[in-house]
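Bear in mind that the values here come from a model prediction, so they are computed numbers and not experimental data.
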Amino acid sequence: MDWELALLAGAALNGYGAFQFFIRAIQNSQNAHEPADYRQLQLFVAGTAMTFAVLYLYLFWHSYYAWPFLLFGAALKSWAFSISLFLYLKKGLKWQIFAEFGLSNGFVALLFWIYLLT
């Protein structure tokens, strides 16, 4: 397998996540149970996810730069998976959110770790 495809998977999943956060933030009306700055956080996360998507795409085309960035990316995605799993097991996260965010980050983390270790 061409492990540079892990970079494309990371770019695609981050781009999808960015789009989802952005759409939810602009379509949903303010919920009384949400903090006042929740939309700001959603939009910030959307921008951060899109920044990583673009970075992973750049690294796909220039893979000789990938190693230090992927070390950070693998750690961050492992953290995203770990906190999602913890919250899901504590009944603080619904299955759909765990699958979309936690499992997808866990999958890309695994691909990144394999890429880094081979």
Between Ala11 and Leu57, the two heavy atoms sitting closest are CB-N, 4.1 Å

Could you check whether any side-chain heavy atom of Trp113 comes within less than 4.5 Å of a side-chain heavy atom of Leu116, counting everything from C-beta outward? yes

If you take all heavy atoms of Ala109 and Ala74, which pair is closest and at what distance? CB-O, 4.0 Å

For Tyr58, does the OH atom have more than 12 heavy-atom neighbours from other residues, nucleotides or ligands under 6.0 Å away? yes

Residues clustering with Phe44 (ILVMFWY side chains joined when closer than 4.5 Å, directly or via others): none

Which heavy atom of Phe112 sits nearest a heavy atom of Gly73, and at what distance? CD2-C, 3.9 Å

Treating Ile, Leu, Val, Met, Phe, Trp and Tyr as nodes and any side-chain heavy-atom pair under 4.5 angstrom as an edge, say whether Phe60 and Tyr65 lie in one connected cluster. yes

Do the ring planes of Tyr56 and Phe52 sit parallel (below 30°), tilted (30 to 60°) or perpendicular (above 60°)? tilted

Output the distance between atom OG (Ser78) and atom CG (Leu85), rounded to the nearest 0.5 Å. 12.0 Å

Could you measure the distance from the CG atom of Asn105 to the CG atom of Leu13? Nearest 0.5 Å is fine. 7.5 Å

Contact summary for Leu70 and Leu7, nearest pair of heavy atoms: CD2-CD2, 3.4 Å

Determine the minimum heavy-atom distance between Leu111 and Ala9, stating which atoms define it. CD1-CB, 4.0 Å

Spacing of Gln42 atom CD and Asp37 atom CG [to the nearest 0.5 Å]: 10.5 Å

Mind checking whether Leu76 and Val108 sit in one hydrophobic cluster, side chains of I, L, V, M, F, W, Y counted as touching below 4.5 Å? yes

Would you mind reporting whether Phe81 and Lys77 have side-chain heavy atoms less than 4.5 Å apart? no

Any sub-3.5 Å donor-acceptor pair from Ser104's side-chain atoms to Phe101's backbone N or O? yes

Could you state whether Met50 and Ile23 fall into the same hydrophobic cluster, counting links through intermediate Ile, Leu, Val, Met, Phe, Trp or Tyr residues with side-chain heavy atoms under 4.5 angstrom apart? no

Do Trp61 and Val54 sit in one hydrophobic cluster, given that two such residues count as connected whenever their side-chain heavy atoms are within less than 4.5 Å of each other, even indirectly? no

Of all heavy-atom pairs linking Ile97 and Leu93, the shortest is CG2-CD1, 3.6 Å

Taken to the nearest 0.5 Å, the spacing of Phe69 CZ from Ser63 OG works out to 13.0 Å

Starting from Trp79, walk the hydrophobic network (Ile, Leu, Val, Met, Phe, Trp, Tyr; side-chain heavy atoms closer than 4.5 Å) and list everyone else you reach, by chain and number. Ile83

How is the hydrophobic cluster of Phe21 composed, in terms of its other members, when Ile, Leu, Val, Met, Phe, Trp and Tyr link through side-chain heavy atoms under 4.5 Å apart, directly or indirectly? Leu41, Val45

Would Leu103 and Tyr88 show up in the same hydrophobic cluster when neighbours are defined by side-chain heavy atoms closer than 4.5 Å? yes

CH2 of Trp95 to CD of Glu100, rounded to nearest 0.5 Å, is 11.0 Å

